[in-house]
Amino acid sequence: MRQPGTYSGILTANMAGRMGPHSLPLARIKKIMKKSSDDVKMISGEAPIVFSKACELFIEELTRRSWMMTMQGKRRTLHKDDVASAVVATDLFDFLVNLVDESTAATTTTTNETGITEK
């Protein structure tokens, strides 16, 4: 099995000391990128690395917000309902609303990009 590499200097230039192995498979990311449009012909070697890091940050943020829903429910296990609630409650994740079943997202409050909770 191929070992994960380290992030290129392009990514770490603004993130002092934040180097590490790729958590997501770069070949899979490149495949998704190519399937996104017929216009995408060539992809540099560094582009999937940037996407990999962006996906990691996205997953971390969605997990944090989902965990807050878990804690509000006084539970210690994150469920898909928590993820759905986090998606519905956060304006930043509006592009995911169609993916979650709105009946599972029982929250009525929303959080905008600045972190301010609105009713």
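For Arg76, the side chain to side chain contact (heavy atoms under 4.5 Å, CB included) criterion is met by no residue, not counting sequence neighbours. Scored by the salt bridge (Lys or Arg N to Asp or Glu O under 4.0 Å) test, Arg75 finds Asp82 as partners (sequence neighbours excluded).
Between the CG atom in Leu57 and the CG atom in Leu62 there is a gap of 12.5 Å [rounded to 0.5 Å]. Taking CD1 from Ile49 and CG from Leu24, the interatomic distance works out to 12.5 Å, rounded to the nearest 0.5 Å. Taking OG from Ser85 and CZ from Arg65, the interatomic distance works out to 13.5 Å, rounded to the nearest 0.5 Å. Here the NE2 atom belonging to His79 is positioned 12.0 Å from the OG atom belonging to Ser66, to the nearest 0.5 angstrom.
Ser52 places no side-chain N or O within donor-acceptor distance of the main-chain N or O of Pro48, the cut-off being under 3.5 Å. Looking at Ser37, its side chain does come within 3.5 Å of a backbone N or O of Asp39 through a donor-acceptor pair.
Residues in residues 53-74 take part in these ring pair (Phe, Tyr, Trp, His ring centres under 6.0 Å) pairs, two or more places apart or across chains: Phe58-Phe93.
Residues Leu96 and Ile32 fall into different hydrophobic clusters, defined by Ile, Leu, Val, Met, Phe, Trp and Tyr side chains chained together at heavy-atom separations under 4.5 Å. Met68 and Val83 fall into different hydrophobic clusters, where Ile, Leu, Val, Met, Phe, Trp and Tyr are joined by side-chain heavy atoms under 4.5 Å apart, directly or via other members.
By the neighbour-count criterion of 12 heavy atoms within 6.0 Å, atom CE of Met33 is densely surrounded, having more than that number from other residues, nucleotides or ligands.
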Side chain to side chain contact (heavy atoms under 4.5 Å, CB included) between Val100 and Val88: does it pass, once the steps are laid out? CA-CA 8 Å; Val100 298; Val88 170; 4.1 Å; yes

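Closest approach of Ala86 and Thr90 over heavy atoms only: O-OG1, 2.9 Å.
For the pair Val97 and Val87, the minimum side-chain heavy-atom distance is below 4.5 Å. A heavy-atom distance below 4.5 Å is found between the side chains of Lys30 and Lys34.
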